[in-house]
Amino acid sequence: PRRLPGQAHRAAHLMRRASFAVGAICLVASALAAHADDTPARAAEALATVEKFGAALASGDREGVLASLAPDVVILEHGGAEMSREEYAGHHLDGDVEYLKEIKVRTVDRKVIAGADRVVVLTRTESSGQYGGKPVASRGTETLVLEHRGSLWVIVHVHWSSGKSG
C-alpha cells in the first residue's frame with residue numbers, strides 16, 4: 001500500500017479510529033436498548049419472587065421461603081449474619097415464622113431498582129401486634145437483592161433492621 005504524506009496519513013488514521021468508535025458506541029447503545037426494553041418485565045418477575053418470599057414467611061411455608069433464597073444467600077439482621085440458606089434454615093427461619101404468626105406487617109413503601117440480571121428491592125414497613133405477651137409497634141426496613149439465575153430470580157442478599165415506632 002502506498003503511504004500518504006504526513007497530514008493526510010494522520011487524517012486517514014483518525015477517520016478509521018472515529019469510525020471504529022462510532023461503531024462501538026452504536027453496538028453498546030443497541031445492547032443497552034435491548035436490555036432497557038425488558039427491564040420492567042424483569043423487575044416484575046423479581047418482585048413476584050419477593051412477594052412469594054414474604055407470603056411464604058407469613059404463612060409458615062418453610063419450603064417456599066427456602067425456594068426463594070439462593071444457596072449462597074447472605075442474611076444480615078441486627079448485627080448478626082447467616083452466610084447461607086442452610087444456616088438460615090437451621091438458625092432463624094423458625095423464629096421468623098413464629099414471630100410473623102403473631103405480628104401484622106404493613107408495607108409503607110417500596111422502591112425497585114432494576115438491572116438486566118440483578119434487582120434491588122427496598123421496603124419500609126410498620127409492624128404491630130403482641131409477641132411473647134409484649135406489645136410490638138415497630139418500623140422496619142428490608143433490602144433484598146435478587147439475581148437472575150437460570151430461569152429463576154433468587155434472593156442473594158437480605159438485610160433486615162427495625163426500631164420502635166414513633
Side-chain angles (χ1 to χ4, degrees), residues 27-166:
L27 184 63
V28 168
S30 70
L32 290 174
H35 279 299
D37 290 344
D38 67 355
T39 298
R42 292 172 75 76
E45 292 170 3
L47 197 52
T49 299
V50 170
E51 296 294 337
K52 287 179 193 174
F53 174 69
L57 266 173
S59 69
D61 176 8
R62 284 180 55 89
E63 288 182 28
V65 171
L66 298 175
S68 299
L69 299 174
D72 57 340
V73 66
V74 174
I75 299 174
L76 305 177
E77 183 177 15
H78 301 293
E82 290 163 321
M83 304 304 287
S84 71
R85 179 174 59 197
E86 293 3 289
E87 187 176 346
Y88 176 62
H91 292 146
H92 289 111
L93 175 55
D94 291 337
D96 289 346
V97 166
E98 288 304 313
Y99 180 80
L100 290 172
K101 282 182 182 176
E102 305 296 324
I103 301 300
K104 179 175 173 39
V105 179
R106 181 179 76 84
T107 297
V108 174
D109 62 32
R110 176 170 278 162
K111 181 176 181 175
V112 179
I113 304 166
D117 290 322
R118 183 166 289 171
V119 172
V120 178
V121 180
L122 308 168
T123 306
R124 291 189 308 158
T125 60
E126 290 181 349
S127 300
S128 60
Q130 288 219 349
Y131 184 73
K134 296 180 181 177
V136 172
S138 64
R139 293 182 182 166
T141 57
E142 175 184 75
T143 303
L144 298 176
V145 179
L146 294 92
E147 284 184 1
H148 194 250
R149 294 185 179 176
S151 63
L152 301 173
W153 284 94
V154 292
I155 299 167
V156 297
H157 174 67
V158 178
H159 187 175
W160 286 307
S161 66
S162 64
K164 291 183 180 181
S165 289

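Of the inter-residue distances, the one linking H159 atom NE2 with T143 atom OG1 reads 7.0 Å to the nearest 0.5 angstrom. Taking CD of E126 as the start and CZ of R139 as the end, the distance is 6.0 Å to the nearest 0.5 Å. Distance check: L93 CG to L69 CG gives 8.5 Å after rounding to the nearest 0.5 Å. Atom CG of L122 is separated from atom CD1 of I113 by 4.5 Å, given to the nearest 0.5 angstrom.
The minimum heavy-atom distance between W153 and H148, with the atom names listed, is NE1-CD2, 3.2 Å. The minimum heavy-atom distance between V105 and S127, with the atom names listed, is CG2-OG, 3.5 Å. Between V108 and T125, the shortest heavy-atom distance links the atoms CG2-C, 3.8 Å. Closest of all the heavy-atom pairs between V112 and A43 is CG1-CB, 4.1 Å. Among all heavy-atom pairs drawn from E98 and Y131, the shortest one is O-CE1, 3.9 Å. Of all heavy-atom pairs spanning L146 and A46, the tightest one is CD2-O, 3.5 Å.
Atom CD of E63 has 12 or fewer neighbouring heavy atoms from other residues, nucleotides or ligands inside a 6.0 Å radius. Sparse packing is recorded around CZ of R124, with 12 or fewer heavy atoms of other residues, nucleotides or ligands lying under 6.0 Å away.
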**Asked** T141 and W160: side-chain contact (heavy atoms from CB on, under 4.5 Å), yes or no, with the steps?
**Response** CA-CA 6 Å; T141 57; W160 286 307; over 6 Å; no
**Evaluation steps, side-chain contact (heavy atoms from CB on, under 4.5 Å), between Y88 and V158** = CA-CA 11 Å; Y88 176 62; V158 178; over 6 Å; no
**Request:** Go through R110 and L47 one step at a time and tell me if the side-chain contact (heavy atoms from CB on, under 4.5 Å) criterion holds.
**Result:** CA-CA 10 Å; R110 176 170 278 162; L47 197 52; 3.8 Å; yes
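Using a 4.5 Å heavy-atom cutoff, the side chains of D94 and R62 are in contact.
Not counting sequence neighbours, H157 has no partner by the ring pair (Phe, Tyr, Trp, His ring centres under 6.0 Å) test.
Defined by atom type and a distance below 3.5 Å, a donor-acceptor pair is missing between the side-chain atoms of S68 and T49.
A salt bridge does not link E45 with R42: none of the charged nitrogens is closer than 4.0 Å to a carboxylate oxygen.
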List the atom pairs, with distances to 0.1 Å, where a side-chain N or O of residues 70-82 and a protein N or O form a donor-acceptor pair under 3.5 Å, not counting sequence neighbours.
from, atom 1, to, atom 2, distance (Å)
D72, OD1, R149, NH1, 2.9
D72, OD1, R149, NH2, 3.4
D72, OD2, R149, NH2, 3.3
E82, OE1, H92, ND1, 3.4
E82, OE2, H92, ND1, 2.4

